[in-house]
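Let me begin by presenting the structure, written as structure tokens, before commenting on it.
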Amino acid sequence: MAMQILFDGVTADYQLGPIRSPRVLKSINLEVKPGSFTAIIGHTGSGKSSLLKAMNGLLIPSEGYVEVGNTIIKSSNNKRALKTVRKQVGMVFQFPESQLFGETVEQDICFGPLNFGVPLSQAKEIAKEVVQQVGLDPTILSKSPFSLSGGQKRRVAIAGILAMNPKVLVLDEPGAGLDPVGKKEILNLISSWHHERGLTTLLVTHDMDDVATYAENVIVMENGRIVMHDDKRSVFSNEQQLINWHVDVPDARRFQLKIEQEMGIKFGQVCLTTEELTEALIEVGLV
Amino acid sequence: MGKPILEVEELTFKYDKRLEEETLSAVSFTVNKGEWLAIIGDNGSGKSTLAKLLVGLLEPQKGRICIAGTELTDDSKWEVRRHIGLVFQNPDNQFIGTTVQDDVAFGLENVNMSYEEMVPRVNEALRMVEMSAFCEHDPSRLSGGQKQRVAIAGILALKPSIIVLDESLVMLDPKSRRELLSTLNQLKHKESLTIISITHDMNEAAVSDRIMMMKSGRVLKSGPPAQIFIEEQQLEPPFVERLKRELENKGKEVPKAYTTEEEMVKWLCKSCLMV
Ligand SMILES: Nc1ncnc2c1ncn2[C@@H]1O[C@H](COP(=O)(O)OP(=O)(O)OP(=O)(O)O)[C@@H](O)[C@H]1O
Ligand SMILES: Nc1ncnc2c1ncn2[C@@H]1O[C@H](COP(=O)(O)OP(=O)(O)OP(=O)(O)O)[C@@H](O)[C@H]1O
Ligand SMILES: [Mg+2]
Ligand SMILES: [Mg+2]
């Protein structure tokens, strides 16, 4: 069963010893439908990573609560709820280094499955399978994760999360640092896991073409708040609003707007991909 | 653009000397003063390794590196580093200070700059990356994009002749990325800053003067973006070239030469007006 995620009046900040940071999430109400694929966009520091961290208990609400499936995360929480949530929610961090710790890549990837009671021999099998799925050679299993290139580390971090077989995937800029071919392969891999396994997936990205290609819905964040949450075509049809939130539109949409302005016409639909734009250009007779 | 400020000759390197396989094999290239070189290549092809060699953090087994006429050696390392600054792929590896401003000032203290000279430099660098408001913050407790900006400021403050950016803009939002690219471009034109940007972002590569492609520790080829994107069909080209390919697939005529976005808009609108 795919999982739903709910935020009810969630306010949160980072604790700095005795001092608290300014609020980074401000009265957030959110309903993420089970089995949906949502992109989270917004400019630097708007709270995207913090929103993801609140979904797996790395950032605990000071007010309100987060509900993942049947588990509730709130300030007066017990450890068991957090443990349940972390088992169900696989999070790929913005910087892969922050989630690599094993002496070898194999240890690193096996950690999740072992922790959830999978026998060692089976965990090793899983590790071998997932490293190959993220485009790495199995010989990498015996290497230290710290002797890898940036993109290789990213792949190992993603492999480690896939090995957990989570119900919810929260991915913080998973494509950053991947070469273009690798990025496409890995996002396709994530997309097929999402559909085949009925996952609920949230993806933070600055690449609006990824949003156009993979997501159904979009959340726009601005200064610790969700300022928009809608299906992607509605979000990207609203270019005036998006400018205020320092958010771009996909290349195809941007190009469409230029042509529309230059010609003083309007296309029948909002184009989000090169394919859609090509169709539209042919339809209005520009080529 | 003038004479070479960076000369790399037959650079060979491996992390583990016991192993056969070389991480870099006979890498040679030069970069002119005021030039912008983009380095692209698959994950693990040796780009970051090359960057670390350029600033003397790693030592080559063979070959040599000359920066502003001086050969990089153990003895000249400290002097040469005044000319070249590297922004790391992961900014956390670069932070030393406990506040953003201390962190940016750290490199300047290292070159014994006076306090009076230092303050405006730090402020200027933080302004360029739009992080002035965060000067009292702890750099390890910032968002990803904020960290990357601070890391860039730390190097800009040093005013090096050559700045090496190892995927340093990936976590910036698109608007900030464009703004920072344009700031760098200004520095290139006004102060002849030489820029080496390692990137997987083809839009970033497209604004460079020259692209160098690496594969398995070797330089595959280098040339202006227009040439590389036309010759290397397997590369994901900038948007307009992708659009042209898609139109061609549908049997439509498109301009043969490399086309910028403005040119393509004009071309489409004009071809319509003629009918
Ligand atoms: N560990 C931390 N301690 C204190 N403040 C933090 C911490 N991490 C982030 N912040 C602050 O919280 C705010 C939101 O940060 P967050 O990381 O959620 O932003 P983001 O939208 O992910 O940005 P980016 O696109 O740059 O990654 C920022 O102003 C940031 O400075
Ligand atoms: N500290 C290290 N010790 C041993 N091997 C290393 C080390 N750092 C990198 N390598 C290996 O050297 C090769 C080149 O790595 P490098 O980091 O230079 O690649 P890159 O081109 O920067 O890749 P990416 O695009 O993923 O950042 C890779 O195969 C990597 O696994
Ligand atoms: Mg973030
Ligand atoms: Mg690298």
Side-chain angles (χ1 to χ4, degrees), chain A residues 14 16 21 24 41-50 94-98 135-136 147-155 172-173 175-184 206-209 243 246-248 251-252 254-255 258-259 261-263 274-275 277-279 281-282 284-287, chain B residues 15-16 40-49 89-93 130 134 138 141-149 166-167 170-177 200-203 234-236 238-240 242-243 245-247 249-250 252-254 261-262 264-266 268-269 271-273 275:
Chain A
Y14 290 93
L16 311 165
S21 76
V24 295
I41 60 178
H43 78 117
T44 303
S46 57
K48 304 179 294 299
S49 299
S50 304
Q94 191 162 7
F95 293 104
E97 282 85 351
S98 20
L136 295 170
S147 73
L148 302 180
S149 81
Q152 291 165 339
K153 283 180 190 159
R154 170 76 64 195
R155 290 168 196 247
D172 203 346
E173 302 192 36
L178 294 179
D179 55 56
V181 174
K183 179 175 158 185
K184 211 175 245 169
H206 287 305
D207 188 332
M208 297 307 141
D209 289 337
I243 292 171
H246 313 281
V247 163
D248 269 19
D251 283 331
R254 188 169 42 82
F255 195 81
K258 274 190 191 171
I259 299 269
Q261 200 184 10
E262 191 82 2
M263 301 287 298
T274 321
E275 291 77 18
L277 179 64
T278 302
E279 293 293 334
L281 287 172
I282 294 172
V284 295
L286 279 178
V287 281
Chain B
Y15 284 98
D16 188 341
I40 64 174
D42 296 346
N43 289 140
S45 57
K47 304 177 300 296
S48 298
T49 305
Q89 189 161 3
N90 181 343
D92 283 323
N93 295 340
E130 290 183 37
F134 290 81
D138 175 349
R141 292 170 156 274
L142 293 173
S143 80
Q146 291 166 343
K147 283 181 182 178
Q148 283 201 317
R149 292 168 194 234
D166 193 354
E167 296 184 43
V170 276
M171 280 164 196
L172 298 187
D173 55 90
K175 180 164 169 273
S176 310
R177 194 177 309 167
H200 294 298
D201 177 359
M202 293 307 138
N203 292 321
Q234 86 286 1
L235 280 184
E236 173 101 314
F239 167 70
V240 170
R242 271 186 283 145
L243 178 64
R245 285 183 198 175
E246 190 71 26
L247 285 165
N249 286 344
K250 298 267 172 197
K252 301 292 172 186
E253 289 269 344
V254 293
E261 210 160 296
E262 299 316 314
M264 189 67 187
V265 172
K266 284 226 178 70
L268 280 168
C269 295
S271 70
C272 176
L273 292 178
V275 230

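Numbers restart at 1 for each chain; the letters A, B, ... are given by sequence-line order, proteins then strands.
Counting all heavy atoms, side chain and backbone alike, Ser149(A) lies closest to Gly44(B) at OG-N, 3.4 Å. Cys269(B) approaches Glu262(A) most closely through the heavy-atom pair SG-CG, 3.4 Å.
In this structure, no portion of Ser48(B) lies under 4.5 Å from any heavy atom of chain A. Of the atoms belonging to Glu173(A), it is side-chain heavy atoms, and not backbone ones, that fall under 4.5 Å from chain B. Only the side chain of Glu236(B) comes within less than 4.5 Å of a heavy atom of chain A; its backbone N, CA, C and O stay farther away. Neither the backbone nor the side chain of Leu148(A) comes within contact range of chain B; no heavy atom of the residue lies under 4.5 Å from a heavy atom of that chain. Looking at Lys147(B), the atoms closer than 4.5 Å to chain A (heavy atoms on both sides) all sit in the side chain, from C-beta outward. Asp209(A) touches chain B through its side chain: at least one heavy atom from C-beta onward sits under 4.5 Å away, while N, CA, C and O do not. Within the 4.5 angstrom heavy-atom criterion, only side-chain atoms of Glu167(B), from C-beta onward, approach chain A. For Glu275(A), the parts lying under 4.5 angstrom from a heavy atom of chain B are both the backbone and the side chain. No part of Lys153(A) comes within reach of chain B, as not one of its non-hydrogen atoms sits under 4.5 angstrom from that chain. At a 4.5 Å heavy-atom cutoff, the contact between Met264(B) and chain A is made by backbone and side-chain atoms alike.
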- prompt: Checking salt bridge (Lys or Arg N to Asp or Glu O under 4.0 Å) for the pair Lys250(B)/Glu279(A): CA distance, chi angles, key distance, verdict?
  reply: CA-CA 9 Å; Lys250(B) 298 267 172 197; Glu279(A) 293 293 334; 3.1 Å; yes

- request: Check the pair Leu243(B) / Asp251(A) against side chain to side chain contact (heavy atoms under 4.5 Å, CB included), numbers first and verdict last.
  value: CA-CA 10 Å; Leu243(B) 178 64; Asp251(A) 283 331; over 6 Å; no

- request: Just do the side chain to side chain contact (heavy atoms under 4.5 Å, CB included) check on Thr274(A) and Arg245(B) with the steps written out, would you?
  value: CA-CA 10 Å; Thr274(A) 321; Arg245(B) 285 183 198 175; over 6 Å; no

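Within the 3.5 Å criterion, the main-chain N or O of Asn43(B) finds a donor-acceptor partner in the side chain of Asp179(A).
Residue Lys184(A) qualifies as open at atom NZ: its count of foreign heavy atoms under 6.0 Å is 12 or below.
Rounding to the nearest 0.5 Å places CZ of Arg141(B) at 9.0 Å from OH of Tyr14(A). Summarising the geometry, atom CD belonging to Gln94(A) is positioned 6.5 Å from atom OG belonging to Ser143(B); distances are rounded to the nearest 0.5 Å. In this structure, Gln148(B) CD and Phe95(A) CZ are separated by 5.5 Å, a value rounded to the nearest 0.5 Å. For the atom pair OG of Ser98(A) and CG of Asp92(B), the computed distance is 7.0 Å after rounding to the nearest 0.5 Å. Rounded to the nearest 0.5 Å, atoms CG (Asp201(B)) and NE2 (His206(A)) are 12.0 Å apart. A distance of 6.0 Å separates CD of Glu97(A) from CG of Asn93(B), quoted to the nearest 0.5 Å.
With respect to chain B, the highest number of heavy-atom pairs below 4.5 Å among Ile282(A), Ile41(A), Val181(A) belongs to Ile282(A). Per-residue heavy-atom pair counts under 4.5 Å with chain B were compared for Gly182(A), Pro180(A), Gly177(A), Gly45(A), and the maximum is reached by Gly177(A). Contacts with chain A were tallied for Thr49(B), Asp166(B), Asp138(B), Leu172(B); Leu172(B) has the most, counting heavy-atom pairs under 4.5 Å. Your options are Val170(B), Asp42(B), Leu142(B), and the one with the most heavy-atom pairs under 4.5 Å with chain A is Asp42(B). When the candidates Gln234(B), Met171(B), Glu253(B), Lys175(B) are compared by the number of heavy-atom contacts under 4.5 Å with chain A, Met171(B) comes out ahead.
Between the side chains of Thr44(A) and Asp173(B), at least one donor N or O sits under 3.5 Å from an acceptor N or O.
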